[in-house]
Engineer: 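Below are the structure tokens for one structure; questions will follow.
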Amino acid sequence: AIQKYVTDVKENGLLKKYWSLWLPASLTNFMFVPAHFRVAFVAGVSFFWMIILSLVANKGDQDVDSCPVEPEPRLLAPRAMD
């Protein structure tokens with residue numbers, strides 16, 4: 001796990017992405033966002049941060065097309081299809 005973190009920080013620029021997102025977001029949050037909207041603002045920024053983390057985590061993975069696809073199981077009694 002630590003090796004994966006080091007790889008993400010050094011090769012994928014994860015720490016730079018972290019600072020480039022959260023520093024402006026925090027400054028904006030505390031300087032311009034009213035107190036009653038701050039939690040919602042951070043939740044919205046967190047949504048985009050999760051997208052960035054997902055992209056970094058899956059950067060070196062295989063293509064979706066190369067993954068084996070299992071056939072769908074047959075229904076024994078498909079009542080909804082009748």
Engineer: If every non-hydrogen atom of Lys17 is compared with every non-hydrogen atom of Ile52, which pair is closest and at what distance?
Structural biologist: CD-CG2, 4.1 Å
Engineer: Is there a donor-acceptor contact under 3.5 Å from the side chain of Thr7 to the main chain of Gln3?
Structural biologist: yes
Engineer: Before you tell me yes or no, could you show the steps for Leu53 and Leu14 under side chain to side chain contact (heavy atoms under 4.5 Å, CB included), namely the whole-Å CA-CA distance, both residues' side-chain angles and the distance that decides it to 0.1 Å?
Structural biologist: CA-CA 8 Å; Leu53 283 179; Leu14 186 63; 3.7 Å; yes
Engineer: Are Leu15 and Val45 connected into the same hydrophobic cluster when the rule is that any two of I, L, V, M, F, W, Y join if their side-chain heavy atoms are below 4.5 Å apart?
Structural biologist: yes
Engineer: Between Tyr5 and Asp8, is a side chain to side chain contact (heavy atoms under 4.5 Å, CB included) present by the stated rule, with each step listed?
Structural biologist: CA-CA 5 Å; Tyr5 174 76; Asp8 285 341; 5.6 Å; no
Engineer: Got Val42 and Trp22 here, is their nearest side-chain heavy-atom distance under 4.5 Å?
Structural biologist: yes
Engineer: If you apply the rule side chain to side chain contact (heavy atoms under 4.5 Å, CB included), what do you find for Phe41 with Thr28, and how did you get there?
Structural biologist: CA-CA 10 Å; Phe41 179 79; Thr28 302; 4.0 Å; yes
Engineer: Are the side chain of Ser54 and the backbone of Ile51 linked by a donor-acceptor contact shorter than 3.5 Å?
Structural biologist: no
Engineer: Do the side chains of Val9 and Met50 join up, straight or via other hydrophobic residues, at under 4.5 Å, putting them in one cluster?
Structural biologist: yes
Engineer: Should we say atom NZ of Lys16 is surrounded by more than 12 heavy atoms from elsewhere, each under 6.0 Å from it?
Structural biologist: no
Engineer: If we only count heavy atoms from C-beta on, is the Pro24 to Trp19 side-chain gap below 4.5 Å?
Structural biologist: no
Engineer: Which heavy atom of Lys4 sits nearest to which heavy atom of Val56, and what is that distance?
Structural biologist: NZ-O, 4.4 Å
